[in-house]
2 protein chains.
Amino acid sequence: MMINETQLATEFGVSRTPLRRVLQQLSYEGLLEIRNGVGTRVTDIDMKTFKDIYDLRILLAETMGSLSPNWATDRHRETLAELIARAEDLRGRRDIEGYAHLANDLSALICDLIGSTPMREITDLLYYRVARIWYTFLPNLDWDDVVEELLGELKGLLAALASNDLGTFGKVRATYLRWMLKKVSRYISSD
Amino acid sequence: MMINETQLATEFGVSRTPLRRVLQQLSYEGLLEIRNGVGTRVTDIDMKTFKDIYDLRILLAETMGSLSPNWATDRHRETLAELIARAEDLRGRRDIEGYAHLANDLSALICDLIGSTPMREITDLLYYRVARIWYTFLPNLDWDDVVEELLGELKGLLAALASNDLGTFGKVRATYLRWMLKKVSRYISSD
DNA sequence: TGCATCGTAGCTGTATATAGGTCGTGCTCC
DNA sequence: GGAGCACGACCTATATACAGCTACGATGCA
């Protein structure tokens, strides 16, 4: 998808200057490619990069328990319980946008449990870098399968939070990430 | 240290626009703090963040052998040999700027051995985020001690490269990072 | 003398005109 | 007919003027 600065600036009701500030940050985060004289386009991602990012996310998830974790509070547990309710609501109802919002909120919750600021920022960055790719694959996967796997993760995460065990929490998350990677890899190879 | 956009733009012979692009990126990387109506200042770093970043760098270094490493070439070994020569030249000659350049080049060499693009970018980012802090501590440390430790690392790295063992390479690097962290921590606590 | 308030200097944020770069198209020349 | 070159449309990059924000100090009043 191509992006036109003037057009987008008009659409948002601002001038090109603040818009460019945002575009350049997105470019820096790897979501856009800006080429002088040509245009700006949303990057697509190759399979190697996709796997590299997932490997890194898995590594970070497995380590989140040992690198200055935050203390889990009741608020975290309540939020997670809400997410489980929303996930159960997704059963049988093919709502990709709903799944996306749920995944975003879950990512935010997890980041909130990471006490190390640089690790939190990187975890957040890597999530948004592959999220959009994952969503493009979602329509090709078995919906019930995806929802059940998500529910399994959420319940595992809540159990870990209940005993305040962020080590296990990270391990559960890593398992889920591995599952996602495997799911997408299989789709790619069969493409 | 405070930064004035207009002044700095004049100094570099460009207008404020491209300068601001750079400042905003540095701000995004956490090296600057930009406040509307007030000014832009170089951030200083608290000890917790410093330790968090080092913990993360150590983790990444230890994992660089297993997460899609690049193949070491003769060019890498030659460059490393040059770095060793430069380090030996530093013996007895208290040249902090020379040490800084050496460390930068070493960091670039290491990043060049990381095949995973996101991991390489993060490794690079984290290096530059703490490098300037390290240099402010350098004058307070025993120079010979620092140079010998660096030489020890460089030789260890070269030995690992010789047998094309990036796992060991990362372990050696991690050991050096731990030493740096310990050195600075001790200085902080005794301050 | 203490305090509140307002003005102002100086900074970053935004808008906009202009410059510079890239690629496609069509003409020209071989 | 084909290759090469010049031109123009369209894009991002930069320069610059102006608006908005913040901190601080001067000033007037209690």
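Taking atom CD of residue Glu5(A) and atom C1' of nucleotide dA13(D), one finds them 9 Å apart after rounding to whole Å. Between the CG atom of Leu26(B) and the P atom of dT12(C) there is a distance of 14 Å, rounded to whole Å. If you measure from atom CZ of Phe12(B) to atom P of dT14(D), you get 14 Å, rounded to the nearest angstrom. Across the protein-nucleic acid pair, Met2(B) atom CE and dG10(C) atom P stand 14 Å apart, rounded to whole Å. Residue Leu19(A) contributes atom CG, which lies 14 Å from atom P of dC11(D) at whole-angstrom precision. With rounding to whole Å, Arg21(A) atom CZ is found 11 Å from dT12(C) atom C1'. In this structure, the CG atom of Leu32(B) is 16 Å from the P atom of dC11(C), given to the nearest Å. One interatomic measurement links the two molecules: CZ of Arg41(A) to P of dC11(D), which rounds to 16 Å at whole-angstrom precision.
Note: His101(A) NE2 to Leu83(A) CG = 13.0 Å, rounded to the nearest 0.5 Å.
Contacts of Arg20(B) with the nucleic acid, taken as non-hydrogen atoms under 4.0 Å apart, include base atoms. As judged by a 4.0 angstrom heavy-atom cut-off over every strand, Ile3(A) is placed among residues touching the sugar-phosphate backbone only.
Nearest to the side chain of Thr17(B), among dT12(C), dA15(D), dT12(D), sits dA15(D). The side chain of Ser15(A) sits closest to dT16(C) out of dT16(D), dT16(C), dT12(D). Relative to the side chain of Val38(B), the nucleotides dT22(D), dT14(D), dA13(D) differ in distance, and dT22(D) lies closest.
Aromatic ring orientation, Tyr176(B) versus Trp179(B): parallel (interplanar angle below 30°, classes split at 30° and 60°).
The shortest heavy-atom contact between Glu153(B) and Val172(B) is O-CG1, 3.7 Å.
Residue-to-nucleotide proximity on DNA chain C shows that, of Gln24(B) and Gly37(A), the 5′-proximal contact is made by Gln24(B). Annotation: of the two residues near DNA chain C, Asn36(A) and Val14(A), the 5′-most nearest-nucleotide partner is Val14(A).
OP1 or OP2 of dA23(D) sits under 4.0 Å from a side-chain N or O of Arg35(B). Within the 4.0 Å cut-off from OP1 or OP2 of dG10(C), not a single side-chain nitrogen or oxygen of Asn4(B) is found. Taking only side-chain nitrogens and oxygens, Arg16(B) never comes nearer than 4.0 Å to OP1 or OP2 of dT12(C). Not one side-chain nitrogen or oxygen of Thr6(B) sits closer than 4.0 Å to the OP1 or OP2 atom of dC11(C).
Relative to the six-membered ring of Tyr54(B), Arg57(B) meets both conditions, a distance below 6.0 Å and an angle of at most 45° to the axis.
Put simply, the side chain of Asn104(B) reaches to within 4.5 Å of the side chain of Tyr127(B), judged on heavy atoms.
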